[in-house]
Protein chains: 2
Amino acid sequence: MITIKDIANAAGVSHATVSRVINNGPKVGDETRKRVKQVMQELGYRPNANARALVTQKHSALGVVVAELLDPFFATLAHGIDSVARQQNIQLLMSAGSIEKDTELQAIDTLMQHRCEAMVVHSKALDDDTLIEFAGQIPGFVLINRYIPQIAHRCVWLDNTAGGKVMTQHLLDLGHRKFAVISSRYQIDDPSERLQGIRNTLHAAGLTLDDSHIEYSSPDQKGGEHAMRHLLARGVDFTAVLAYNDAMASGAMTTLSDHGLQVPTDASIVGFDDVLLAKYCHPKLTTLHYPIEMMAVKAAELALAYARGEPTSTTHTYKYTPTLVKRDSAAQVHPR
Amino acid sequence: MITIKDIANAAGVSHATVSRVINNGPKVGDETRKRVKQVMQELGYRPNANARALVTQKHSALGVVVAELLDPFFATLAHGIDSVARQQNIQLLMSAGSIEKDTELQAIDTLMQHRCEAMVVHSKALDDDTLIEFAGQIPGFVLINRYIPQIAHRCVWLDNTAGGKVMTQHLLDLGHRKFAVISSRYQIDDPSERLQGIRNTLHAAGLTLDDSHIEYSSPDQKGGEHAMRHLLARGVDFTAVLAYNDAMASGAMTTLSDHGLQVPTDASIVGFDDVLLAKYCHPKLTTLHYPIEMMAVKAAELALAYARGEPTSTTHTYKYTPTLVKRDSAAQVHPR
DNA sequence: TACCATAAGGTATACGTTTTCCCTATTAAT
DNA sequence: ATTAATAGGGAAAACGTATACCTTATGGTA
């Protein structure tokens with residue numbers, strides 16, 4: 001592999017000069033600059049990124065830790081990050097953390113070994129303290145989909161409680177009074193925050209949500225089917241279902257349909273996330289749009305800005321709110 | 001950041017010994033080894049991956065170039081690669097190449113700048129010669145979804161022609177004789193190969209496919225809708241539709257439904273890829289399963305093996321064949 | 001006892017950059 | 001004409017690690 005010295009020899013200058021040309025540094029004449037560039041071109045020089053990172057003590061790449069690449073939600077997230085990385089001509093170092101403590105930890109650790117200065121992390125398994133410590137060590141450490149007060153200016157997050165509120169209010173407005181909830185069984189904040197939003201809103205309307213009307217399951221299609229089967233088996237009385245996400249909502253609809261129940265005639269259902277699925281399942285899902293791509297872009301920009309040491313407002317915080325997308329799965333309550 | 005020398009001092013050994021401990025090298029006594037490890041633990045030592053890559057002249061990461069992270073197809077691909085990377089405890093360097101010559105070139109170039117030895121590349125925009133040259137320079141250069149004879153042992157690819165054949169044969173078996181094809185307008189090999197398979201099979205059955213029965217459009221939902229609109233507008237007579245992929249098939253179904261036509265009663269339709277969408281659209285798509293995850297795993301393993309210089313069979317080639325998944329969108333031809 | 005093989009570990013160099021400090025002409029200022 | 005400033009560029013150190021080569025005990029063997 002051809003190095004800076006080869007260029008220096010071929011161009012009859014010192015390797016310092018070549019380095020200056022590469023970095024558009026000062027102290028090199030127009031003519032020399034041109035000649036060196038010419039030689040680099042001819043010899044097909046490719047700077048050694050590792051040597052560079054070593055001497056500058058920082059890796060130029062943007063590190064990304066997501067839970068699971070397969071999930072369309074994370075694909076969208078990755079896409080958002082990629083778009084700013086590409087725009088700023090920056091490489092992506094990506095790992096999947098699979099919502100397990102060890103894996104997430106290891107993913108971040110590897111990034112640190114590369115002396116990665118900017119990273120966007122989606123962590124659900126690690127505790128606040130651990131993340132706060134990382135934030136202290138890594139200039140461009142930004143969390144996505146998580147809010148930790150102590151490092152609020154490093155968090156780009158969704159207001160789940162508001163989401164719970166919006167979806168519930170929509171169903172209330174449609175005249176529904178009997179609710180069932182299909183939630184995620186994972187012990188992360190999101191489900192409980194959304195549930196809280198739901199509870200608050202029902203409470204304000206003079207209703208309460210009995211625990212027996214909540215079913216917990218895995219946050220995917222299968223889990224949705226499963227949860228709905230339980231709800232029906234237990235004879236829970238409802239006209240509206242609040243699902244943790246679109247996948248669960250879609251699964252629930254499958255089960256309803258298997259039992260001869262029509263959506264939205266016999267029951268309304270509202271999802272969360274607004275992934276592709278929501279548009280293509282039948283009936284089309286009324287759901288909450290999760291502006292994840294927008295959030296990902298913000299997170300990436302933030303991470304890179306912090307890494308560069310740019311003065312970013314520490315007071316400003318990055319909260320996003322999901323918005324209602326009305327489609328066909330939720331309708332006016334059907335009079336019995 | 002704490003280095004190997006700090007460890008050496010604290011443990012009262014030379015930094016060479018510390019390095020040996022890190023790499024599980026020989027020439028270090030059990031006791032010393034333990035002590036050094038202890039110190040590393042205490043001081044929270046994190047090896048500098050850049051220094052390492054510099055001195056060893058190679059980056060340990062596995063490079064990945066895909067077209068577009070958003071596409072579930074590539075998400076699945078990425079997932080397959082990630083699974084082997086994780087298993088072998090290797091980091092992923094990922095870029096999106098977006099099927100543009102420059103971007104793909106730049107993605108590979110960046111990977112080379114990092115002296116990445118193993119890479120799985122999905123390139124549709126670069127020409128054979130360019131890729132052959134990269135293969136010559138990079139030990140672990142593996143192409144996925146592309147076949148180039150000169151570097152056959154570096155290619156993990158799908159037999160598109162066989163795919164075209166299988167889908168056509170299935171519809172023939174169901175009694176269909178009037179076909180329409182919805183293809184991709186991109187000038188890459190896949191569409192024409194699949195079309196070739198379709199043509200061959202029809203020919204063997206004594207039928208021909210008139211050019212007017214083929215509609216080219218962008219390979220997504222919108223493209224499928226658009227193509228089907230054209231087909232209907234032009235009054236093309238068909239009972240079966242062969243779509244380039246599931247997204248187009250799904251779009252085509254939307255248009256059919258908008259025109260009051262039932263699938264599969266009025267027209268059968270077969271997709272390609274078997275992405276999530278195929279299972280969740282309505283009716284469920286009969287399609288060809290693209291074993292992309294399996295292929296991605298193979299490609300990643302291959303890339304890493306080549307990079308390590310392991311003796312891999314140069315004679316063996318990695319061709320995969322899509323398999324038919326029967327669902328609800330294709331049925332016995334309806335008697336008029 | 002003398003010799004050698006071996007185990008354990010140290011010394012020093014190289015990897016390819018960036019960057020600080022220094023040197024030498026040339027030009028501008030007095 | 002002399003000095004100061006500046007532009008252009010070179011020499012060398014540093015980044016953190018791996019490793020080839022060297023040194024020193026120690027134990028075994030003839």
Side-chain angles (χ1 to χ4, degrees), chain A residues 1-40 43-61 91 109-117 308, chain B residues 1-40 43-61 91 109-117 308:
Chain A
M1 191 101 292
I2 132 150
T3 80
I4 215 176
K5 284 182 191 161
D6 301 322
I7 306 292
N9 287 336
V13 296
S14 78
H15 68 274
T17 301
V18 178
S19 174
R20 289 195 260 260
V21 171
I22 294 171
N23 299 295
N24 281 317
K27 306 216 274 185
V28 39
D30 287 349
E31 199 159 324
T32 314
R33 194 181 295 270
K34 204 192 286 181
R35 180 155 39 95
V36 170
K37 278 189 174 168
Q38 165 91 19
V39 174
M40 294 199 317
L43 272 60
Y45 170 68
R46 233 182 283 267
N48 185 320
N50 301 124
R52 231 168 170 166
L54 174 60
V55 71
T56 59
Q57 296 281 51
K58 68 186 61 168
H59 197 111
S60 59
Q91 186 73 4
D109 190 76
T110 312
L111 256 20
M112 288 189 73
Q113 291 189 11
H114 285 273
R115 301 302 183 262
C116 199
E117 299 251 278
R308 277 191 292 265
Chain B
M1 189 98 301
I2 133 151
T3 80
I4 215 175
K5 284 183 191 160
D6 301 321
I7 306 292
N9 287 339
V13 296
S14 77
H15 66 272
T17 301
V18 178
S19 175
R20 291 187 184 110
V21 170
I22 293 172
N23 298 294
N24 280 316
K27 308 216 269 187
V28 37
D30 287 349
E31 199 159 321
T32 314
R33 193 179 296 270
K34 203 192 286 182
R35 179 155 40 93
V36 171
K37 279 189 173 167
Q38 166 91 19
V39 174
M40 293 197 322
L43 271 60
Y45 169 70
R46 235 183 283 267
N48 184 321
N50 301 126
R52 232 167 166 162
L54 174 58
V55 72
T56 59
Q57 296 281 51
K58 67 187 62 171
H59 198 109
S60 59
Q91 185 76 2
D109 191 75
T110 313
L111 256 19
M112 286 189 74
Q113 291 188 12
H114 285 275
R115 301 303 184 260
C116 200
E117 298 253 277
R308 276 193 292 264

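Chain A is the first sequence line, chain B the second, and so forth, proteins listed ahead of strands; every chain is numbered from 1. The model shown is predicted, which means the values in this text are computed figures rather than measured ones.
The side chain of A/Thr3 approaches C/dG16 more closely than any other nucleotide in the set C/dG10, C/dG16, C/dT19.
Taken from CD in B/Glu31 to CZ in B/Arg35, the straight-line distance is 7.0 Å, to the nearest 0.5 Å. If you take NE2 on B/His114 and NE2 on A/His114, they are separated by 9.5 Å, rounding to the nearest 0.5 Å.
At C/dG9, one or more side-chain N or O atoms of B/Thr32 fall inside 4.0 Å of OP1 or OP2 (strictly under the cut-off). Of the side-chain N and O atoms in B/Ser14, one or more sit less than 4.0 angstrom from OP1 or OP2 of C/dG10.
For the pairing with A/Asn48, the side-chain contact (heavy atoms from CB on, under 4.5 Å) check across B/Met112, B/Arg115, B/Gln113 returns one residue only, B/Arg115.
Straight-line distance from the CG atom of A/Asp6 to the C1' atom of C/dG16: 11 Å, rounded to whole Å. Computed from coordinates, the A/His15 NE2 to C/dA14 P distance equals 14 Å when rounded to whole Å. Between the P atom of C/dT20 and the CG atom of A/Asn23 lies a distance of 12 Å, rounded to the nearest Å. Remark: P of C/dC15 and CZ of B/Arg115 are 13 Å apart, rounded to the nearest angstrom. The distance from atom NZ of A/Lys5 to atom C1' of C/dT17 is 9 Å, rounded to the nearest whole Å. Look at CZ on B/Arg20: it is 12 Å from C1' on C/dA12, rounded to the nearest Å.
With the end axes of the helix from C/dT1-D/dA30 to C/dT30-D/dA1 each set by five pairs, the angle from one to the other reads 50° at 10° resolution.
By the side-chain hydrogen bond (donor to acceptor under 3.5 Å, both in side chains) test, B/Gln91 pairs with A/Ser95, sequence neighbours left out.
Side-chain contact check for B/Tyr45 versus B/Ile22: some heavy-atom pair is nearer than 4.5 Å. The shortest distance between side-chain heavy atoms of A/Thr17 and A/Lys27 does not fall below 4.5 Å.
Backbone-only contact: A/Val13 has heavy atoms under 4.0 Å from sugar-phosphate atoms and none from a base. A/Ser19 comes within contact range of at least one nucleobase, with a heavy-atom separation under 4.0 Å.
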Show me the side-chain donor-acceptor pairs of residues 1-11 of chain B shorter than 3.5 Å, one per line, residues at least two apart or across chains.
| from | atom 1 | to | atom 2 | distance (Å) |
| --- | --- | --- | --- | --- |
| B/Thr3 | OG1 | B/Lys5 | N | 3.0 |
| B/Asp6 | OD2 | B/Thr3 | N | 2.8 |

Problem set entry | Stepwise side-chain contact (heavy atoms from CB on, under 4.5 Å) test for B/Val36 and B/Arg20 | CA-CA 10 Å; B/Val36 171; B/Arg20 291 187 184 110; over 6 Å; no
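Of all nucleotides in DNA chain D having an atom under 4.0 Å from a heavy atom of chain A, the first and last in 5' to 3' order are D/dG8 to D/dG16.
At a non-hydrogen distance threshold of 4.0 Å, B/Leu54, B/Val55, B/Gln57 from residues 45-59 of chain B come into contact with DNA chain C.
Each of B/Arg33 and A/Lys27 was matched to the nucleotide of DNA chain C holding its nearest heavy atom; the match closer to the 5' end belongs to B/Arg33.
Residue pairs satisfying the side-chain hydrogen bond (donor to acceptor under 3.5 Å, both in side chains) criterion with at least one member in residues 49-60 of chain B, sequence neighbours excluded, are listed as follows: A/Asn50-B/His59, A/His59-B/Asn50, B/Asn23-B/Arg52.
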